[in-house]
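Keep in mind that the numbers below use all heavy atoms, side chains included, and drop hydrogens, waters and symmetry copies. Just so you know, these numbers come straight off a predicted model, no measurement behind them. In what follows, chains carry the letters A, B, and so on, assigned in the order in which the sequence lines appear, proteins first and then strands, with residues in each chain numbered from 1.
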Amino acid sequence: MPNANKRPATLPALTDLPADEVVADILSDSERRQDEMKLSPKERQALLTARRRESERQEKASRKAKEQEAHRIFLLLPTDLKERLVGIAGWNGTSVSQVVTFLLYEAVAQYEAGQIDFSRYKSPSYSPRYVSELIHPKDAERQQRRSDQKRKKGWG
Amino acid sequence: MKQKRGKPTTILTIANQKGGVGKTTTTVTLGSGLAGKGRKVLVVDLDLQGHVPRMLAQPKQPGVRRWYYDEEPLERVIVQARENLWVLPGDKSTDKVMARIRDESYGEEQFANQLKEHAAALDFDVVIIDLAPSLNNLQVAALIAADYVLIPTRLRFTDMDGVQEVLKTLQQIGRHGHQVSGYFLLPTLFDRGANETIERLKELVASQGARVWPPIVQDVRVGEAPGRGLTIWEYAPTCNAVLGYVNGGKRVGGYADTLQRVLALLEGV
């Protein structure tokens with residue numbers, strides 16, 4: 001009587017042949033599922049619960065990230081200013097985002113009241129996307145970049 | 001025949017001596033997929049059943065016989081099935097071609113050379129050859145013509161035996177100086193829940209490594225599409241057999257993935 005559990009091989013196996021990445025994933029996933037089949041009903045239930053919780057957590061995080069997407073802005077800050085903002089946030093036990101938002105309310109109000117004037121700090125931009133470049137006198141990094149660009153173009 | 005300008009024609013042969021593994025489906029799907037990506041494609045039906053034209057809503061015709069046996073120009077016997085997609089249709093009269101190849105000395109080489117030359121003269125980027133599930137002179141000729149061979153296979157004992165037979169034939173042809181640039185295995189009608197399937201996939205990977213491409217999952221819509229005269233891209237472009245099935249949170253396999261891999265071969269990536 002032949003052994004019903006024994007599968008005769010059809011192809012000679014070679015050693016150390018790297019599998020396609022996706023195929024390797026499929027195989028490891030199926031191994032994982034086979035391992036899970038060996039668990040007791042109690043262990044399997046615990047695993048399912050943990051997995052469901054993890055998936056709910058991920059869904060929640062992704063939903064939150066999507067909601068925040070419209071309010072998010074990407075800023076390039078000079079190193080020293082970023083460090084100061086991080087310091088202030090740490091000192092006050094709050095997030096950098098909240099510190100920046102608070103300070104911006106003050107600064108925007110000043111600008112709208114005419115207390116801040118950009119005209120002295122504006123110069124023509126090298127970028128095709130913008131008309132002007134606005135650099136704060138304390139922003140040494142941007143000033144350095146600007147003078148490098150000037151030199152490169154032979155205008156300096 | 002005028003000389004082809006630009007890139008040479010690449011020949012992809014779809015082979016497995018076992019029937020019912022998805023050779024014709026793979027041929028039509030890849031042919032129409034490549035055509036959809038802007039490649040000028042000729043699908044050659046060397047199976048006497050003539051299912052390639054039927055799957056593309058075209059009648060069976062003695063195209064292969066008229067071209068090779070009656071020596072009519074290729075451009076007169078090919079049929080345009082879609083934009084960028086032509087078919088050299090076959091039917092049971094293809095057996096005359098088989099007989100001619102058998103009777104002529106170096107018949108297989110002559111057939112292969114003529115196909116390459118005529119397809120290149122008509123500026124085809126790709127020729128995809130569909131074969132019957134058997135081993136005869138026509139099969140050997142198509143493997144000699146091939147730059148690449150794709151072997152669709154179900155992951156079952158008898159189908160895997162068919163794979164081994166194709167590999168042996170490729171080896172023999174290689175010994176006679178007809179080395180293909182590459183061959184790949186495409187698991188089809190993949191049943192992820194069956195232990196046998198997974199065990200056979202492991203076996204295939206152990207033997208062939210990265211030549212085993214991600215599988216095409218079993219999907220009822222693949223079988224429905226030809227009855228409506230549509231390709232799977234037209235009938236169910238978002239089905240699992242096209243986009244792949246979800247495994248560990250991401251989609252794997254599917255004809256869209258296979259198409260990208262074939263495109264990479266054509267681009268020499």
Side-chain angles (χ1 to χ4, degrees), chain A residues 1-69 72, chain B residues 16-18 151 153-168 171 184-187 190-217 244-254 256-258 260-261 264:
Chain A
M1 186 81 177
N3 182 355
N5 292 323
K6 189 172 176 263
R7 289 185 180 83
T10 50
L11 294 167
L14 305 174
T15 48
D16 297 334
L17 268 183
D20 180 276
E21 211 173 291
V22 180
V23 176
D25 275 354
I26 293 170
L27 289 176
S28 66
D29 187 64
S30 80
E31 264 169 30
R32 179 185 57 76
R33 268 183 289 134
Q34 275 178 357
D35 288 345
E36 283 172 21
M37 297 291 277
K38 290 173 195 157
L39 297 174
S40 69
K42 203 177 167 186
E43 286 171 325
R44 212 177 303 162
Q45 190 55 45
L47 188 72
L48 283 175
T49 311
R51 200 174 285 159
R52 199 182 55 238
R53 276 198 194 130
E54 175 60 17
S55 125
E56 280 170 2
R57 193 193 61 75
Q58 279 177 3
E59 257 176 46
K60 199 175 159 190
S62 127
R63 218 173 26 243
K64 197 175 167 190
K66 256 188 201 150
E67 282 166 11
Q68 287 178 343
E69 194 73 35
R72 196 170 287 166
Chain B
N16 189 338
Q17 280 154 240
K18 181 78 177 63
I151 310 168
T153 181
R154 289 187 80 164
L155 295 164
R156 298 182 308 192
F157 178 72
T158 46
D159 303 295
M160 303 274 282
D161 193 51
V163 171
Q164 201 182 21
E165 291 300 324
V166 179
L167 297 180
K168 272 187 200 163
Q171 232 172 19
F184 303 92
L185 297 110
L186 180 68
F190 185 72
D191 178 5
R192 60 184 300 218
N195 279 347
E196 171 75 6
T197 303
I198 296 297
E199 289 307 314
R200 294 295 172 201
L201 181 60
K202 274 185 201 164
E203 195 183 304
L204 207 57
V205 170
S207 161
Q208 299 296 325
R211 284 197 175 108
V212 182
W213 282 358
I216 309 296
V217 74
Y245 70 92
V246 178
N247 183 68
K250 56 184 177 186
R251 284 192 177 268
V252 293
D257 175 89
T258 313
Q260 287 307 320
R261 288 166 188 260

Residues which pass side-chain contact (heavy atoms from CB on, under 4.5 Å) with A:Gln58, listed by chain and number, not counting sequence neighbours
A:Glu54
Side chain to side chain donor-acceptor pair (under 3.5 Å) involving B:Arg261 - partner list, sequence neighbours excluded:
A:Asp20, B:Asp257
Can you list everything that forms a side chain to side chain donor-acceptor pair (under 3.5 Å) with A:Ser62? Sequence neighbours excluded, please.
none
Report which part of B:Arg211 has an atom under 4.5 Å of a heavy atom belonging to chain A: side chain, backbone, both, or neither.
neither
Turns out that what part of B:Phe184 lies under 4.5 Å from chain A's heavy atoms comes down to neither
Tell me if the CZ atom of A:Arg51 is crowded by more than 12 foreign heavy atoms within 6.0 Å.
yes
Under a 4.5 Å heavy-atom criterion, the part of residues 21-38 of chain A in contact with chain B comprises A:Val22, A:Val23, A:Asp25, A:Ile26, A:Leu27, A:Asp29, A:Ser30, A:Glu31, A:Arg33, A:Gln34
Top contributor to chain A interface from B:Val205, B:Val212, B:Asn247 [non-hydrogen pairs under 4.5 Å]
B:Asn247
